[in-house]
Amino acid sequence: MTARAGFDIAKDFHWLAVTDDRGRLLFSHRVDNTPDTITEAVAELLAVQDEHGRVTVGLDIIGGIASLLTAMLLAEQLHCVHVPGLAVNRARRGTRGGENKSDPRDAKTIAEQVMLRDDLRVVDLPDEQSVELRLLVSHRTTLVKEATARTSRLRDLLAGINPGLERAVDPTLQSGLILLGRYVTPDEIRRTGTARITAYLRRHGVSKQTTAQTLAEAAVTAARAQTVSLPGERRTAALVRELAAELAAGKARLKALEAEIEELVAAHPDGALIRSLPGMRATLTAEFIASVGNIRRFAGADAFAAASGLAPVLTQSGKVRYSRSATGGDKALKRVFYQASFCSIQRDPTSRAYYDRKRAEGKRHHQALIALARRKVNVLYAMLRDRQPFQARPPLRLVA
């Protein structure tokens, strides 16, 4: 005999439902997200295990708000599996009154999914390095998104008072941010002049004289073309300077964060192996490790490709049968392989030759990159399985 348990995870409290081997509900109740209450729930599960046999616990969230619960369950050797939220939602909606959602109902649905499915991912306690990489990768993503939003806002404000300068300056470059941190309005740029702006840029971090002078000349040219002062110009300029300072600080923090990520990747047991694959920079390697964890949880390269959203999806009904591109899968993993493929066609002859062959077959740029990404899935899976770094195959030689 066996029993199944389902935890519907939430921030302040979870909901636990336990069923026997025939799907009958044994008990269902709230479990506060505190050590004492979780300890009581674990004791209940151990008691059920003594009476009904092995208990398999389903969790709809891994990490984050579920970290304390997961660690305490695994500490007692309870078998835990991940039941994706999408599967829970679809399973619940497929029953009578399935549109009615509640924590007890979702917890029972999770337990039922554990009983019905044998392909659920086993949850293990991650190692310290993987957790740190996951946190740093997540923080880097947040910083990049914030920088993108600030850049868009800065461009919008600048185009409202000095469109010529907005076209001449790139706020994604350090030199552009240094300029916009001091000179914004046409009037102040005209009064300062090219020589003084160039000197200012050189003093504040623009290393090349030609870069500083070219930027200063472009700014002055734009300022001379606009002699009209606009309402709100002074306040808008102050906001542009503030955004430029925030972007400069963000770039410095991002650079330091990427250095931390590179150190962790170098120290990780799989770091050197993964980075040997063409196109896998340190950041992409960190994102890969954060998303995958242990490669052994995939049955093979095909299962790995399906999880990454890179395997073709079969659609068959009656006499109709065709394959199409996947729309699901782990978006982060798919992005890692896509970006690695894009980088590798610039520098790796083997990847470039494969990409060119696919283009010659009539595939569009995006399709050829996806095909290359699918190939990289196979290669990387074999590398990690066999613990062997990437080795490019020698080009074939035609014998006369």
Residues [X] and [Y]: side-chain donor-acceptor under 3.5 angstrom:
X	Y	result
Asp36	Thr34	no
Ser344	Ser341	no
Gln49	Arg54	no

Measuring from Asp103:CG to Asp8:CG, what's the distance to the nearest 0.5 Å?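 One finds 4.5 Å between CG of Asp103 and CG of Asp8.
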
Taking [X] for its side chain and [Y] for its backbone only, find out whether a donor-acceptor pair lies under 3.5 Å.
X	Y	result
Arg190	Arg224	no
Tyr354	Ile345	no
Ser291	Phe288	no
Asp127	Gln129	yes
Gln226	Ala222	no
His268	Leu264	no

Presence of salt bridge, Glu287 and Arg335, under 4.0 angstrom: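 Yes.
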
Salt-bridged, Asp187 to Arg234, with N to O below 4.0 Å?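 So Asp187 does not pair with Arg234 through a salt bridge.
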
After noting the C-alpha distance and the side-chain angles of Val292 and Phe298, does the key distance pass the side-chain contact (heavy atoms from CB on, under 4.5 Å) rule? CA-CA 9 Å; Val292 172; Phe298 299 103; 3.9 Å; yes

Please name the pair of heavy atoms, one in Lys251 and one in Thr172, separated by the smallest distance, quoted to 0.1 Å.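 Where Lys251 meets Thr172 most closely, the heavy atoms are NZ-O, 3.1 Å.
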
Who else is in Leu45's hydrophobic cluster (ILVMFWY, side-chain heavy atoms under 4.5 Å, direct or via others)?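 The other cluster members (ILVMFWY side chains, heavy atoms under 4.5 Å, direct or chained) are Phe7, Ile9, Leu16, Val18, Leu26, Phe27, Val31, Ile38, Val42, Leu46, Val48, Val55, Val57, Leu59, Ile61, Ile65, Leu68, Leu69, Met72, Leu73, Leu78.
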
Side-chain cluster (under 4.5 Å, hydrophobic types only) that Val131 belongs to, other residues: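 Members other than Val131 - counting any ILVMFWY side chain reachable under 4.5 Å - are Leu135.
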
